[in-house]
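See below for the structure under consideration.
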Amino acid sequence: MKQALRDLAALVARLGVGGIFFANGWAKLEDGLKVTGAKFLEQGAPAPGAWATVTMLAELIGGALLIAGLAVAMTGLILFAEALAVFVVAPPLNPISMNELILLGAASLLLAVVGAGRVSVDHMVVIRRRESAAADEFAADTEADRVIASLREPPGPPASLPSPAASPPGDPVQGDSAPDDSAADASPPDEPVSPTEDTAPHPRARASAGEPKRNEDPAPAPGDTLVAGRKKPAPRSRRPSSGG
């Protein structure tokens, strides 16, 4: 409620002060720079033509900005400086104009300090800037959260190929174009095995039933001994000497 009253009071002050400044500047524009300069000359201004131009532009533009509520801080300071300069350099001859000048200067300074209120162009611009800044901040926070979430997610398990040992016999390993021929050649043929046949591996070939067994390792002759796998001949007997 208090903020609404402040905004309403700021709006009334802007309309009143800005309207008076704009009306004074418009009157000087209608009178023309020569008539306005002559009035400043009567008030003792050193350069009446320059004073007429400066005050007319300041009051027209400043009054319009105050009414709209645009750049109120800067505009209020400019109008206060203009009123103070006129009061010091060329004070009005009419006491009513003097009091009006003082009031306008004080009100301009107050608006420059207090502000234009929420019913103004300045407030709309500030709101848009804040909304834009809030939107940018929200977008930045969303992007940061997305990046953090992507970094926190654990990586998926890598796709592993089945090892050749785990693959069933006869099936080619994934990625090979053809099965291994050497494995196929090394596999024994599928033949029925007799239950009485000896399937244990033997270092030597077994003899057939009708073939006589060969003695591969003949027994050593009497008197021969094996030395390091070789036969050592038997010692010769000494013959008795004929004499003596």
Side-chain angles (χ1 to χ4, degrees), residues 1-26 29 53-86 102-180:
M1 185 64 180
K2 292 182 179 180
Q3 185 63 37
L5 293 177
R6 290 176 183 176
D7 296 335
L8 182 59
L11 176 62
V12 173
R14 283 187 4 248
L15 294 177
V17 177
I20 292 174
F21 271 113
F22 187 82
N24 289 338
W26 187 263
L29 180 62
T53 304
V54 172
T55 55
M56 180 189 67
L57 293 177
E59 291 173 356
L60 281 175
I61 300 174
L65 292 177
L66 281 182
I67 293 173
L70 178 61
V72 173
M74 184 179 297
T75 303
L77 292 177
I78 292 174
L79 291 176
F80 172 75
E82 186 261 345
L84 181 61
V86 172
I102 295 173
L103 291 175
L104 289 176
S108 301
L109 181 61
L110 181 62
L111 287 174
V113 175
V114 174
R118 292 184 296 182
V119 188
S120 61
V121 178
D122 285 344
H123 187 68
M124 295 175 62
V125 172
V126 170
I127 288 177
R128 290 181 180 179
R129 289 180 180 177
R130 289 178 180 176
E131 290 179 352
S132 178
D136 295 341
E137 185 177 358
F138 179 76
D141 293 342
T142 304
E143 183 67 19
D145 294 341
R146 187 183 64 81
V147 173
I148 293 174
S150 63
L151 294 177
R152 289 180 178 177
E153 290 180 358
S160 58
L161 296 176
S163 59
S167 59
D171 294 342
V173 182
Q174 184 178 2
D176 297 338
S177 58
D180 193 358

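This structure is a prediction, so every number in the text was calculated from the model and none was measured. Residue numbers count from 1 along this sequence.
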| message | Set out, in order, the CA-CA distance, both residues' side-chain angles and the distance that settles side-chain contact (heavy atoms from CB on, under 4.5 Å) for Leu70 and Ser120, then state yes or no. | response | CA-CA 7 Å; Leu70 178 61; Ser120 61; over 6 Å; no
| said: Using the rule given for side-chain contact (heavy atoms from CB on, under 4.5 Å), can you reason through Arg118 versus Met124, listing the C-alpha separation, both sets of side-chain angles and the distance that settles it, and then say yes or no? | reply: CA-CA 8 Å; Arg118 292 184 296 182; Met124 295 175 62; over 6 Å; no
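Ala10 and Leu111 get closest at one heavy-atom pair: O-CD2, 4.3 Å. For the pair Gly105 and Ala83, the tightest heavy-atom approach, listed with the atom from each and the gap, is CA-CB, 3.9 Å. In terms of heavy-atom proximity, Ser108 sits nearest to Val17 at OG-CG1, 3.9 Å. For the pair Leu60 and Phe22, the tightest heavy-atom approach, listed with the atom from each and the gap, is O-CD1, 3.3 Å.
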If you look only at distance, which donor and acceptor atoms sit under 3.5 Å apart when one is on a side chain in residues 134-141 and the other is two or more places apart or in another chain?
none

What donor-acceptor contacts under 3.5 angstrom involve side-chain atoms of residues 71-81, with partners at least two apart or in another chain?
from: Thr75; atom 1: OG1; to: Ala71; atom 2: O; distance (Å): 2.7

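Atoms CZ and CD, from Arg6 and Gln3 in turn, are 6.0 Å apart once rounded to the nearest 0.5 Å. Once rounded to the nearest 0.5 Å, the distance linking CG of Asn24 with CG of Leu29 reads 12.5 Å.
A donor-acceptor contact shorter than 3.5 Å links the side chain of Arg14 to the backbone of Ala116.
Within the structure, the salt bridge (Lys or Arg N to Asp or Glu O under 4.0 Å) test picks out the following pairs touching residues 58-83 (sequence neighbours left out): Lys28-Glu59.
Leu66 has its side chain out of reach of Leu15: every pair of non-hydrogen atoms, C-beta onward, lies at least 4.5 Å apart.
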